[in-house]
Amino acid sequence: MSESPNRSVRRRTFVLGSAAAAGSAALVGPLAPSASAASFGWSDDGSNYVVDTGANLVFKVSKTNGDLTSLVYRGTEYQGYGGKNSHVESGLGTSTVTTKQSGSTILISVAYGTLRHYYAARSGENNVYLWTDKADTSVSATRYIVRVKAGLFLNDEPDSYTYAPTTIEASDVFKKSDGQTRSKHYSKLRVMDYHYIGWSTGSVGLWIVRSNHEKASGGPFYRSLLRHQSADGGGLYEILYYGENQTEAQRFGLQGPYVIAFTDGGAPSSSLFPGTLTTSWADSLGISGYVAAGGRGKVAGVGISGRDTAYAYTVGLANSAAQYWGSARASDGYFSIGGVLPGTYTLTVFKGELAVYTTSVTVSAGGTTTLNTITIPSSNDPGNASAIWRIGTWDGTPSGFKNAGLMTYAHPSDVRAASWTGNVVIGSGSETSAFPCYIWKDVNSGLIVYFKLTAAQAAAAHTLRIGVTTAYANGRPQISVNGWTSSIPSPPTQPSTRSLTVGSYRGNNYTFTYSVPASAWLTDTSQYNVLKINVVSGSGTTSYLSAGTSIDAIDLLA
């Protein structure tokens, strides 16, 4: 990329004429107006189905492969960059594409092997509703990407690499001349943190409003790419299964609707948000795998006791077919999760992102499963254990550790990152903020914690715990205390892809426990004991792609 950060951006305007002018089209759909008319309908231009929403939006879908080939709002073409269309995954091959109109709704259906994809338009709306029904692994991942022309929106947020000329990892992490890093992976956001993603000029907004992700994988705390910009243009994503940093098996079935929404610069309407959007108008359209509201149920809990009120709690439902979540009310832990497909689910209560309670619930169509107050046993929360000292907090995240806030939107080599070294002294008052959130075999392995014990404490064996949130290349901690060294622990199950360098610490929370004998401690209580934490693994490469792990908390139990 050779663009200067000071490069002026030209806005390019494309005016769409009538449907007939766009191709040798016969008007075959009901009403089927010209594209320039503010009249709802569809037409066939020979290569595409052309849909006029009757508002300010006209879009085209290829009759060959189901690509979105044109997206015109108020006369300006937004779709496309680098000769590529908007589509499922990297584009489907030859497909069967059909269209129909049912009252104030137009539905375009795309059949590609076992995959079904749908576009819907509603009269008078500047929205495109999309569903994707994936039955198997014949399509490797499941995402929809809206490709947007260059120069229409300015973006220099972390998830942009427009002005980043130097590639520093793979082909998707870049460094600017000022040392800041950019990548499409650096969205900052967990799935539960956002309803929509996109851009605004102040007078035009282009957004994707996400679906409820019931057939996605990874739960409420999953992080993935949401948008990007480069010299060629921009991309907005709905990620249903990306295969990167996944903690769950892929789910199959109908996902959606998610919505491409245009506005006059503001945020999309909250009526489109997951949990709020109603689609009774789609009940009779014949969408494969579609389950109407009447065929779904609800789970409600009157409260959760045993919470640490300093933390937010989330309740998740998951089985092999679907996933859902909702926030527990801060005052009493009340929660309600609606729109749930019938079935039996594992219900998990999360303190922050750490699972502290599980049970089983069964949901029936049209019914509400009401749960009495859930009591979290004290022993389920590792933060309740009495500790001689503790670094960090047991919440399933590296929050509070050095560089933790930056790592969801930057590469570890970013100029804004503090040094990855970080030996600490217990009692200094800055143990957590001075200790790095990540440890790599080839970067900062061998971090040291200095601490003193009383005579009584030094006379007894103790358990040392290290909680981690994910690992790369089977990186796991081996410890030594003074002259004693632990065995090498077995690696827990973790995602096999990149994580720590692409903005995600989210893997499988796991606690390593080490039984340190009394003989390991110094008997001179005026001296500091020395705990050294090394990362061990036979995998990984070098530097920030060497084996590594993310820290949740470290403590020495009383």
Side-chain angles (χ1 to χ4, degrees), residues 12-112 115-132 144-150 152 204 206 233 235-236 257 259-262 285-287:
R12 291 180 254 172
T13 302
F14 297 78
V15 179
L16 182 72
S18 67
S24 54
L27 302 185
V28 299
L31 304 182
S34 67
S36 60
S39 181
F40 179 67
W42 64 273
S43 61
D44 181 343
D45 71 5
S47 299
N48 306 277
Y49 291 120
V50 182
V51 177
D52 189 328
T53 68
N56 297 298
L57 176 63
V58 178
F59 66 92
K60 297 181 181 182
V61 175
S62 167
K63 295 169 59 181
T64 301
N65 57 18
D67 282 5
L68 185 67
T69 60
S70 177
L71 198 59
V72 174
Y73 179 69
R74 293 191 180 277
T76 297
E77 176 69 80
Y78 284 84
Q79 197 293 128
Y81 68 80
K84 298 179 180 179
N85 296 320
S86 302
H87 42 220
V88 175
E89 192 40 28
S90 296
L92 305 176
T94 301
S95 305
T96 300
V97 184
T98 58
T99 188
K100 67 178 180 181
Q101 182 169 337
S102 177
S104 58
T105 302
I106 295 170
L107 181 72
I108 297 176
S109 304
V110 181
Y112 174 74
L115 185 141
R116 300 292 181 268
H117 182 69
Y118 303 91
Y119 302 88
R122 298 276 292 159
S123 178
E125 296 186 13
N126 294 314
N127 305 319
V128 183
Y129 299 85
L130 302 95
W131 288 263
T132 304
Y144 193 90
I145 178 170
V146 178
R147 302 186 185 274
V148 182
K149 287 184 176 294
L152 295 175
V204 175
L206 172 55
L236 299 177
V259 186
I260 302 170
F262 280 93
L285 292 179
I287 294 173

*Those residues that, when tested against Ser123, pass side-chain contact (heavy atoms from CB on, under 4.5 Å) (two or more places apart)*: Phe40, Ser104
*asked:* Please enumerate all residues that pass ring-ring contact (aromatic ring centres under 6.0 Å, His included) together with Tyr73, with sequence neighbours excluded.
replied: Phe262
_Using side-chain heavy atoms (C-beta onward) and a distance below 4.5 Å, is Asn126 in contact with Asn56?_
yes
*If you measure from CG on Leu285 to CH2 on Trp131, what distance do you get to the nearest 0.5 Å?*
6.5 Å
*Sequence neighbours excluded, which residues qualify as side chain to side chain donor-acceptor pair (under 3.5 Å) partners of Tyr144?*
Tyr119
*Check Val97 against Gly66 and note the closest heavy-atom contact, atom names and distance.*
CG2-N, 3.8 Å
*Taking only residues two or more places apart in sequence, or in another chain, which ones meet Asn65 in a side-chain contact (heavy atoms from CB on, under 4.5 Å)?*
Ser62, Asp67
*Going from NE2 on His117 to OG1 on Thr132, what distance comes out if it is rounded to the nearest 0.5 angstrom?*
4.5 Å
*Would you give the length of the straight line joining atom CG of Leu152 to atom CD of Gln79, rounded to the nearest 0.5 angstrom?*
11.5 Å
_Contacts of type side-chain contact (heavy atoms from CB on, under 4.5 Å), residue Tyr81, not counting sequence neighbours_ = Ile145, Arg147, His228, Asp232
*Taking it one step at a time, do Asn85 and Thr69 satisfy side chain to side chain donor-acceptor pair (under 3.5 Å)?*
CA-CA 5 Å; Asn85 296 320; Thr69 60; 5.6 Å; no
_Value rounded to 0.5 Å, distance of CG in Asp52 from CD1 in Ile106_ = 8.0 Å
*Is there a donor-acceptor contact under 3.5 Å from the side chain of Ser47 to the main chain of Asp45?*
no
*asked:* Go through it in stages, so that I can follow the logic: the residues are Leu206 and Leu236, the test is side chain to side chain contact (heavy atoms under 4.5 Å, CB included), and I'd like the CA-CA distance, side-chain angles, deciding distance and then a yes or no.
replied: CA-CA 9 Å; Leu206 172 55; Leu236 299 177; 4.0 Å; yes
*Please name all residues satisfying side-chain contact (heavy atoms from CB on, under 4.5 Å) with Ser90, sequence neighbours left out, ordered by chain then number.*
Arg143
*With a 4.5 Å heavy-atom cut-off, do Val259 and Val128 have their side chains touching?*
no
*Return the set of residues passing side chain to side chain donor-acceptor pair (under 3.5 Å) with Thr53 (not counting sequence neighbours), or none when no residue passes.*
none
*Quick one: which residue pairs count as a salt bridge (charged side-chain N to carboxylate O under 4.0 Å, His left out) with a foot in residues 117-129, not counting sequence neighbours?*
none
*Work out which heavy atom in Lys63 is nearest to a heavy atom in Gly46; give both atom names and the distance.*
NZ-O, 3.6 Å
*Side-chain touch Leu130/Ile260, heavy atoms, less than 4.5 angstrom*: yes
*Kindly give the heavy-atom pair with the smallest separation between Tyr129 and Asn127, and that separation in Å.*
OH-ND2, 3.6 Å
_Ser109 side chain near Arg116 side chain, heavy-atom distance below 4.5 Å_ = no
_Can you tell me how far apart CG (Leu57) and CG (Leu71) are? Round to the nearest 0.5 Å._
5.5 Å
_Nearest-0.5 Å distance, CG of residue Leu68 to CD1 of residue Ile108_ = 8.5 Å
*Least distance between heavy atoms, Ala120 atom then Leu107 atom*: CB-CD1, 4.0 Å
_For the student: nearest non-hydrogen atoms of Tyr112 and Gly93, plus distance_ = CE1-N, 3.2 Å
*asked:* Which residues pass the side chain to side chain donor-acceptor pair (under 3.5 Å) test with Thr99, not counting sequence neighbours?
replied: none
*Can the positive tip of Lys60 be found less than 6.0 Å from the middle of the six-membered ring of Tyr49, inside 45° of the ring normal?*
no
